[in-house]
Amino acid sequence: MNFFTLEHTAAPGKARAARITTDHGEIETPVFMPVGTQGTVKAVNQRSLKEDINARIILGNTYHLYLRPGAQILEKAGGLHQFMNWDRAILTDSGGYQVFSLSELRKLKPHGVEFRSHLDGSKHLFTPAIVIAAERSIGSDIMMPLDECTPYPCDYLYAKKSQELTSNWAVLNKEAFENSSPLYGHRQFLFGIVQGSVYKELREKSAHDLMKLDFDGHSIGGLAVGEPAETMYETIDFTTDILPQNKPRYLMGVGKPENILEAIARGVDMFDCVMPTRNARNAYLFTWNGILAMRNAQYKDDFTPPDADCTCYACTNFTRAYLRHLFIAEEILALELASIHNLHFYLDLTREARKRILDGSFYEWKDLISKKLVRKKLTEKEKQ
RNA sequence: GCCGCUGUAGCUCAGUUGGUUAGAGCGCUUGAUUGUGGAUCAAGAGGUCUUGGGUUCAAAUCCCGACAGCGGUA
């Protein structure tokens, strides 16, 4: 069975609908993948992830899982799917990003990166081979290779060095992948990660380097790290111009709803971001009518649903006033309900995008909906 | 009843030998959050310094009275 099947590209742009087939189920794209760093999507249990959100694929993180509980425990458990009782697909990030964002005392070497654990300060080494081995132990369906997430802003010379490092590591990642096998009887796929900061020439070089290695798919990394949104869109645009049509494209760590729609328009298939879950825990709800800061005093006696256009468990059963009360009282249920809602919204957004790509109305819909999505809550003035 | 201690922001409290526009933490209000720390960061509102007198160029600060709270005591 083909891993990737392109179903439709919506002219005149590059938006596409496709199907990814793993041994843990099919994934229709465009797709948003909830982030479950440590073997759990924070505040949302597995049953809810299926029944309330209908996620087909979630993320795990190699850096976090490698440090805790560790590869041995995961192997003893029979892999992450068994360990966390999730029989749908899992994608693992390599931990390249975490080595740079979380750990201290990291030393970048040609063969890998030395770092100290953010948990206990212990010393560790990540090389492409070590990361691939860890991802074999985890047993993720789709694996990310070790890369360097180039910071922003970044001068051309540093970006060039960084891109070359990621390309060199890509070769080693691919070798380690081919010289190892899955441990649990299901197939695992490996992507290559395009780096090169905001420089067109470097992104092109990076993409071409990876294409020679024939990965199962391509990730676009190093974006949404502080650059203006327009710069991010341009970078996505000239990167997807080069990447092959017959493989999935994954924009790592992005983003806001409007970012996702713009990236879909530029030919991206897969997304992940902490925003729906992290912001949910900070009482920040994404809705079809804009952003809802659920702690705001104006909602204390607002007995309407958080989002009247949403069919999620939270919106069909509870009011803004109740949700605000839960947040102010620091009740755990607030985190759960808000997380379910935000994930439901993000998945609905990409499902709707897919539907529109297939029926030919994507671009008009995107422009229309984007204006609503970025709108903040209505002020008293706007209501009148 | 008497003796002592204490009254400063919604709460807990700083506030030098009397000296510019009285501060902090928490809470509250409003933002931010992009390959996850429920974290963090930023900005803002909020005070007749219990009250009435007095001393002084100048009082949250010193003096006298009243009121309130706490502790001790008969």
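Here is the naming used below: chain letters follow the sequence lines, and residue numbers restart at 1 for every chain. All of these numbers come straight from a predicted model, not from anything done at the bench.
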Who are the salt bridge (Lys or Arg N to Asp or Glu O under 4.0 Å) partners of [X], not counting sequence neighbours?
| X | value |
| --- | --- |
| Asp269(A) | Arg16(A) |
| Glu364(A) | none |
| Lys42(A) | none |

key: Glu135(A) side-chain N/O to Gln188(A) backbone N/O, donor-acceptor pair under 3.5 Å   =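 It does not hold such a pair.
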request  = Would you confirm whether Arg295(A), through its side chain, and Tyr284(A), through its main-chain N or O, come within 3.5 Å as a donor-acceptor pair?
outcome  = no
For RNA chain B, find the residues of [range] with a heavy-atom distance under 4.0 Å and give them by number; none if there aren't any.
| range | result |
| --- | --- |
| residues 332-342 of chain A | Ile332(A), Leu335(A) |
| residues 152-170 of chain A | none |
| residues 259-270 of chain A | Asn259(A) |
| residues 140-149 of chain A | Asp147(A), Cys149(A) |

Classify the side-chain pair [X]/[Y] by whether it contains a donor and acceptor separated by less than 3.5 Å.
| X | Y | value |
| --- | --- | --- |
| Tyr250(A) | Asp272(A) | yes |
| Tyr233(A) | Asn259(A) | yes |
| Arg56(A) | Asn54(A) | yes |
| Asp120(A) | Ser122(A) | yes |

Value in whole Å for how far the [atom2] atom of [N] lies from [atom1] of [X]:
| X | N | atom1 | atom2 | result |
| --- | --- | --- | --- | --- |
| Ile236(A) | U34(B) | CD1 | P | 16 Å |
| Gln298(A) | U29(B) | CD | P | 12 Å |
| Tyr97(A) | G37(B) | OH | C1' | 13 Å |
| Asn282(A) | A42(B) | CG | P | 15 Å |
| Leu292(A) | U33(B) | CG | P | 16 Å |
| Asn279(A) | U34(B) | CG | P | 8 Å |
| Leu67(A) | G37(B) | CG | C1' | 14 Å |
| Ile291(A) | U33(B) | CD1 | P | 8 Å |

request  = Just need the stems in RNA chain B: three or more back-to-back Watson-Crick or G-U pairs, each with both distances under 3.5 angstrom, sorted by first number.
outcome  =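 So far as stems of 3 or more pairs are concerned, RNA chain B shows B:1-7 with B:67-73, B:10-13 with B:23-26, B:28-32 with B:40-44, B:50-54 with B:62-66.
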ask   = Are Gln163(A) and Asp209(A) close enough that some pair of their side-chain heavy atoms sits under 4.5 Å apart?
value =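 Gln163(A) reaches Asp209(A) side chain to side chain.
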ask   = Given U30(B), G35(B), U34(B), which nucleotide is nearest the side-chain atoms of Ser94(A)?
value = G35(B)
inquiry  = Any base atoms under 4.0 Å from Gly95(A), or only sugar-phosphate, or nothing? Heavy atoms, all strands.
reply    =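 The answer is nothing, as Gly95(A) stays clear of every strand by at least 4.0 Å.
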inquiry  = Does Gln195(A) reach a base, just sugar-phosphate, or nothing at all? Heavy atoms under 4.0 Å.
reply    = base
From Leu292(A), Ile291(A), Leu337(A), Asp307(A), residue fulfilling side chain to side chain contact (heavy atoms under 4.5 Å, CB included) relative to Leu285(A) =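 Exactly one candidate clears the test, Leu292(A).
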[atom1] atoms of [N] and [M], separation to the nearest Å:
| N | M | atom1 | result |
| --- | --- | --- | --- |
| U61(B) | U56(B) | P | 16 Å |
| C63(B) | G27(B) | C1' | 38 Å |
| G25(B) | C70(B) | P | 30 Å |
| G19(B) | C64(B) | C1' | 24 Å |
| G69(B) | A24(B) | C1' | 24 Å |
| G47(B) | A22(B) | P | 12 Å |
| G10(B) | G53(B) | C1' | 31 Å |
| G44(B) | C26(B) | P | 16 Å |

inquiry  = Taking side chain to side chain donor-acceptor pair (under 3.5 Å) as the cut-off, I'd like each qualifying pair that reaches into residues 312-341 of chain A, sequence neighbours left out, listed once.
reply    =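 Matches after skipping sequence neighbours: Asp302(A)-Arg320(A).
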message = Ring-plane angle category for Tyr63(A) and His118(A), please: parallel below 30°, perpendicular beyond 60°, tilted otherwise.
response =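 Ring orientation, 0 to 90° scale: parallel.
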Aromatic plane relationship, Phe3(A) with Phe189(A) - under 30° parallel, 30 to 60° tilted, over 60° perpendicular =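 Because their plane-to-plane angle is under 30°, the rings of Phe189(A) and Phe3(A) count as parallel.
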note = Judged by nearest nucleotide, the residue sitting upstream toward the 5' end of RNA chain B, Leu59(A) or Ala43(A), is Leu59(A)
request  = List in chain and number order the residues that pass side-chain contact (heavy atoms from CB on, under 4.5 Å) with Val225(A), two or more places apart in sequence or in another chain; answer none if no residue qualifies.
outcome  = Cys149(A), Tyr152(A), Glu227(A)
ask   = CZ of Arg68(A): more than 12 outside heavy atoms within 6.0 angstrom?
value =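 Counting neighbours around CZ of Arg68(A), 12 or fewer heavy atoms of other residues, nucleotides or ligands fall under 6.0 Å, so no.
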ask   = Donor-acceptor pair under 3.5 Å: do we get one between Gln38(A)'s side chain and the base of G38(B)?
value = no
query = Are Ile58(A) and Val254(A) in one and the same hydrophobic cluster, where Ile, Leu, Val, Met, Phe, Trp and Tyr link if side-chain heavy atoms are under 4.5 Å apart?
reply = yes
Taking only side-chain N and O atoms of [X], does any of them lie within less than 4.0 angstrom of OP1 or OP2 on [N]?
| X | N | value |
| --- | --- | --- |
| Lys42(A) | A39(B) | no |
| His64(A) | G35(B) | no |
| Arg278(A) | G37(B) | no |
| Arg324(A) | U29(B) | yes |
| Asn296(A) | U30(B) | yes |

key: Pairs satisfying salt bridge (charged side-chain N to carboxylate O under 4.0 Å, His left out), at least one member in residues 237-262 of chain A, at least two apart   =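 Listed once each, the pairs are Lys14(A)-Asp237(A), Lys14(A)-Asp241(A), Asp214(A)-Lys247(A), Glu262(A)-Arg266(A), Glu262(A)-Lys366(A).
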Could you pull out every donor-acceptor pair under 3.5 Å between side chains of residues 72-82 of chain A and any protein atom, sequence neighbours left out?
residue: Glu75(A); atom: OE2; partner: Ser137(A); partner atom: OG; Å: 2.8
residue: His81(A); atom: NE2; partner: His24(A); partner atom: ND1; Å: 3.3
residue: His81(A); atom: NE2; partner: Arg88(A); partner atom: O; Å: 3.1
residue: His81(A); atom: NE2; partner: Asp141(A); partner atom: OD2; Å: 2.9

